[in-house]
Amino acid sequence: MYSNNMTKINETLKRKIHDLMLKNKRNAGYLQYTVPSPSTYPYQWLWDSCFNAIILSYFDINDAKKELLSVVSKQFENGLIPHMIYWEKGPLHNYEWGNDGTSAITQPPVIGYSVLEIFKKDKDKIFLQKMYPALKKYTDYLLSQRDPRGSNLIGIISPDESGEDNSPRFDIPLGMSANQTIKESLDRRIKLIADNKKCHFDAPFCMRNYFWVKDVPFNVIMISHLKAVAFIAKELGESKDHDLYSHQVKYITTSMRKFMFEDGLFWSVYGTDYKKIKITSWAIFVPLFEKLYTQDEADSLVKNYLLNDSEFNLKFLLPTVSKKEESFDPEGFWRGPVWFFPNWFVYKGLVNYGFNDLAEKILQSSLILLETQGFREYFNPLTGKGLGAKDFTWGGLVLDMQKV
Ligand code: GLC
């Protein structure tokens with residue numbers, strides 16, 4: 001059986017992951033959360049907390065629940081869940097992210113999936129009841145405020161909302177060159193936040209005037225979020241919500257095909273005329289997670305891109321940008337390096353289509369990086385060198401790369 005062939009995470013690594021999660025655990029009054037990295041990222045981040053909850057559920061299900069309860073505790077009146085909560089003062093206070101105490105932008109909605117994963121482990125309906133109002137409010141915010149044209153694609157108002165801050169997918173919409181520095185990218189993104197602040201983060205207005213990308217990963221994650229929230233609604237007897245969110249899954253799926261699909265791949269689109277951004281990044285693999293490719297399309301995708309030595313088949317998997325791209329930089333943050341969330345995501349997508357050996361290869365590569373470099377933020381795909389923040393929690397996701 002497939003599961004018997006899978007690599008077993010050894011007890012030593014499991015213990016190291018547990019120690020890291022305990023080291024990064026923080027309290028804020030009666031709330032509890034996990035910092036992604038004590039020195040570089042000493043706050044709470046939205047999608048990090050969703051991954052952290054999945055990791056924590058392998059050690060202590062109550063810690064996993066607390067992580068998610070705290071990340072929704074600063075939800076805005078309009079439903080937005082901010083991507084950063086500054087429980088304590090720290091280095092990023094030098095930058096303006098739009099609000100006091102939190103940022104004023106969001107991150108991909110991994111939260112529905114994460115809540116459902118936790119629920120599957122102990123079937124605690126009280127936890128679902130506690131989370132549901134925030135989930136519903138956030139979902140309704142995304143559906144109403146991030147899709148002003150009713151085209152059934154959810155928009156982001158800043159690259160940082162994708163979680164891939166300086167990804168080359170955003171170069172054209174930002175009017176930047178492929179050879180920008182990290183500093184130039186940060187300055188440009190901070191300027192965008194200042195512009196968005198001028199219009200009080202009114203998303204439809206901000207999107208029309210400053211930056212409007214309908215990103216592939218965000219929309220795939222939205223599909224997974226909607227499925228989870230529809231399931232949770234049903235568990236709680238909210239049948240109207242269940243129907244509403246289930247329909248939205250179909251609408252977004254149809255629109256992604258209509259607006260984003262060309263030449264066998266899904267591309268992010270931008271602006272009022274939905275222009276395709278033809279930059280080959282790991283985002284082309286993301287639709288595997290929600291089975292948006294047919295089996296034939298997935299076969300070609302794997303053959304032409306994942307197994308292609310001049311695109312993604314580098315020494316360490318998975319580079320976040322194809323080696324062929326002008327913007328490819330093996331040490332450039334989201335412009336080439338390997339990150340663990342993409343690996344976890346693509347691992348699951350490959351398993352969906354029966355590419356079990358390839359999924360296993362991604363896991364093996366992740367384990368080698370962890371064992372040789374430790375819990376670093378990202379890794380050079382050509383040399384395996386660990387880069388960025390230390391004691392970074394995402395490596396713990398290998399625990400969840402074991403399932404069928
Ligand atoms: C960086 C990453 C972002 C992450 C944050 C905290 O900004 O690009 O995805 O959420 O660090 O780990």
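For ligands, and for the atoms within them, numbers begin at 1 and follow the listed sequence. We're numbering straight along the sequence, starting at 1.
Screening residues 37-65 for salt bridge (Lys or Arg N to Asp or Glu O under 4.0 Å), with sequence neighbours left out, gives K25-D63, K65-D122, K65-D124. Sequence neighbours left out, the pairs with a member in residues 333-344 that pass salt bridge (Lys or Arg N to Asp or Glu O under 4.0 Å) are D171-R335.
A cation-pi contact, defined as under 6.0 Å to the ring centre and within 45° of the axis, links K214 to Y274.
Ligand 1 is surrounded by P36, Y41, W45, W47, D48, Q107, G163, D165, F333, W334, F392, W394, each with at least one heavy atom closer than 4.0 Å.
With sequence neighbours excluded, the residues that form a side chain to side chain donor-acceptor pair (under 3.5 Å) with D309 are N313.
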Practice task
Please assess W339 against W344 for the test ring-ring contact (aromatic ring centres under 6.0 Å, His included), listing each intermediate value before the final yes or no.
Solution key: CA-CA 9 Å; W339 289 70; W344 172 88; over 10 Å; no
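At least one side-chain heavy atom of I111 sits less than 4.5 Å from a side-chain heavy atom of Y138.
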